[in-house]
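Presented below is the structure to which this report refers.
Residue numbers begin at 1 in each chain, while the letters A, B, ... track the order of the sequences.
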Amino acid sequence: MPSASQEWLLKAALLDGQPMLDAWHEWRRRVDFETEVEYSSQRLLPMLYHNLHQYKITDPVMQRMKGIYRKAWSKNHILFQKAGLVLDRLSRAGIPTMVLKGIPLTLKVYKNYATRPMSDMDVMVPYSHAERSIKLLLDDGWELQRPNRLEFFMKYDRSVGFVNAEDTELDLHWHPVHEMHEEITESDFWDRAVPIEVSGINTMALCPADNLFHTIVHGLRYNDEPPVRWVPDSVLLIRQKDNPVDWDRLMEYTLRFRVFIHMSLALNFLKETFHAEVPQPVLKELAAIRPGRGDKIVFWHAMKFGDRIPVSFREKMITIYVRFIRQANNKKFYEAHLGLIKFLYHLAKGKPLKKLLRDNISLLFKRKQKS
Amino acid sequence: MKRQLLRVNHPNVVHETIDGETILLDLKSGYYYSMDGSGSVIWDYLAITGDREAVVKTMCEVNAVQAAFIKESINSFIGQLLKEGVLFEDGSGTPTDTGEPAYLVKQLKAAAIDFVAPKLNKYADMQDLLLLDPIHDVDEVGWPEPKDDQ
């Protein structure tokens with residue numbers, strides 16, 4: 001969840017009138033612009049500038065904020081152009097594509113190329129086309145970030161990361177979320193997808209409800225840099241009057257993918273702090289759900305460790321276990337463990353034994369040193 | 001009737017005007033441009049109507065005393081935009097059916113009163129510019145203007 005100063009920054013970026021001005025002054029009072037604007041907050045500054053400039057605010061940092069806006073605008077345009085090339089390549093090979101996260105949010109929700117800075121692109125293809133898509137991207141000079149994990153990712157994960165010679169990063173997804181991906185069918189998320197054009201190429205984007213679902217489930221996870229971007233993404237998605245969120249659809253996926261703790265926490269926070277118009281029956285329904293043991297473990301891990309690289313042997317073991325539970329959580333708690341050995345086998349497969357031992361022993365030693 | 005109009009070199013050239021400043025990016029060449037004051041106002045007008053003659057006529061009518069200077073400055077500025085390839089001349093063009101938006105004419109007239117010749121700022125090496133920390137590595141104007149010691 002956002003820190004106190006991030007909350008003021010978010011309010012200054014998202015609210016209007018006096019509440020916005022109060023939040024802006026409070027943020028300026030609390031945070032030293034030269035030394036205390038960490039990465040997550042920096043990524044909110046283009047949106048903050050866009051909101052502030054309409055109020056003719058005079059502040060010594062406004063020009064630099066405008067510069068941050070210009071830089072985000074330039075960087076995003078360059079990334080969009082590169083995304084267009086990838087989408088074109090896949091489309092010409094007959095592969096259906098969908099864009100996730102920053103690209104569709106920029107075009108459909110923020111409607112501004114600067115206010116939602118991006119560092120990489122996320123493209124999704126149906127699982128049945130994933131292998132061919134990977135091959136095409138490799139042929140085009142993209143390189144897998146973790147080539148020896150490809151088989152494992154294809155079996156148990158949702159995406160693979162690529163990087164090219166220009167250092168551009170691309171995440172190729174076949175599922176949008178980690179949760180229970182075994183249960184996701186080819187038509188899930190695609191059945192309500194909406195058309196979108198990226199740099200002249202026709203592709204698809206998640207419908208508003210699925211986009212909100214994805215934004216919250218993906219965003220509400222621990223990170224060394226506190227994740228805050230899910231807040232403006234969600235607030236703006238909920239505010240859209242021309243493309244309203246279908247709350248029944250959101251609840252359907254929330255229940256099916258067993259992410260009700262995430263959803264309840266996020267939607268209550270958005271309603272209380274940013275007056276997001278979340279229907280009361282949705283919050284009531286979420287409050288009435290009794291999560292199981294697996295759900296609590298998955299949520300606890302997301303909030304405590306998230307996607308960070310484990311720093312101790314214990315954390316690594318917990319993370320491996322939760323990654324397994326997360327995708328098998330559709331079954332009863334004990335039944336869900338039946339595939340654990342197979343999961344561990346695939347996890348270790350392809351990794352040289354020497355490296356496997358060295359990595360784990362060094363983590364174990366680190367842990368001992370700490371304790 | 002077909003007229004010689006100016007067109008933005010889409011899709012290679014993208015542009016946005018914010019707070020009196022227009023920023024342009026040529027995605028093909030990687031060049032970044034900016035302009036403010038009369039330059040931004042003229043750009044906005046041309047991007048919508050493409051009609052350079054109307055720009056000259058409107059601004060010269062408001063400031064007849066400086067008409068010759070205004071005409072020369074506008075033509076020189078447009079010449080630069082053409083040379084950079086961010087605009088191109090379209091001989092088969094027809095003006096927009098909807099006519100010129102009133103706010104654009106108002107902006108042109110306001111800029112003509114105390115006319116300052118438009119200036120196009122050009123920045124090359126986009127890869128280097130993107131490496132600049134927009135809080136600490138820039139001067140008081142902000143990115144992409146680096147600090148003197150950068």
message = Within the 4.5 Å heavy-atom criterion, are A/Ser74 and B/Trp143 side-chain neighbours or not?
response = yes
ask   = Got more than 12 heavy atoms from elsewhere within 6.0 Å of NZ, B/Lys119?
value = no
remark   = If you tally heavy-atom pairs under 4.5 Å between each of A/Glu166, A/Lys71, A/His53 and chain B, the highest tally belongs to A/Lys71
ask   = Does atom CZ of A/Phe274 have more than 12 heavy-atom neighbours, drawn from other residues, nucleotides or ligands, at distances under 6.0 Å?
value = yes
task = Check for a donor-acceptor pair, side chain of A/His77 on one end and backbone N or O of B/Leu25 on the other, with a separation under 3.5 Å.
result = no
ask   = In terms of heavy-atom contacts, does CD of A/Glu36 have more than 12 from other residues, nucleotides or ligands at under 6.0 Å?
value = yes
inquiry  = To check you understand the geometry: which heavy-atom pair defines the closest contact between B/Val141 and A/Arg70, and what is its length?
reply    = O-NH1, 3.4 Å
query = Is the number of heavy atoms from other residues, nucleotides or ligands under 6.0 Å of A/Lys82 NZ greater than 12?
reply = yes
note = Tightest non-hydrogen contact, residues A/Trp73 and B/Val14, listed as CH2-O, 3.5 Å
key: Under 4.5 Å from any heavy atom of chain B - which part of A/Phe33   = both
Option from B/Ile135, B/Val138, B/Asp133 for which side-chain contact (heavy atoms from CB on, under 4.5 Å) with A/Ile68 holds = B/Ile135
key: Exceeds 12 heavy-atom contacts within 6.0 angstrom, atom CD of A/Glu143   = no
request  = Can you establish whether the number of heavy atoms outside B/Lys28 located under 6.0 Å from its atom NZ is more than 12?
outcome  = no
note = If one checks every heavy atom of B/His10 against chain A at 4.5 Å, the contacting part turns out to be neither
inquiry  = Looking at A/Asp139, I want to see if its CG is surrounded by more than 12 non-hydrogen atoms of other residues, nucleotides or ligands under 6.0 Å.
reply    = yes
query = Do the non-hydrogen side-chain atoms of B/Leu27 and A/Phe80 ever get within less than 4.5 Å of each other?
reply = no
Between B/Gly142, B/Gly30, B/Pro11, the one whose heavy-atom pairs under 4.5 Å with chain A are most numerous = B/Gly142
Contact origin within B/Gln127 toward chain A - heavy atom pairs under 4.5 Å = neither
remark   = In terms of heavy-atom contacts, B/Asp19 and A/Lys56 come closest through OD1-NZ, 3.9 Å
task = Find the distance between CD (A/Gln81) and CG (B/Asn12) and round it off to the nearest 0.5 Å.
result = 7.5 Å
message = Under 4.0 Å between a side-chain nitrogen and a carboxylate oxygen: does that hold for A/Arg64 and B/Glu140?
response = no
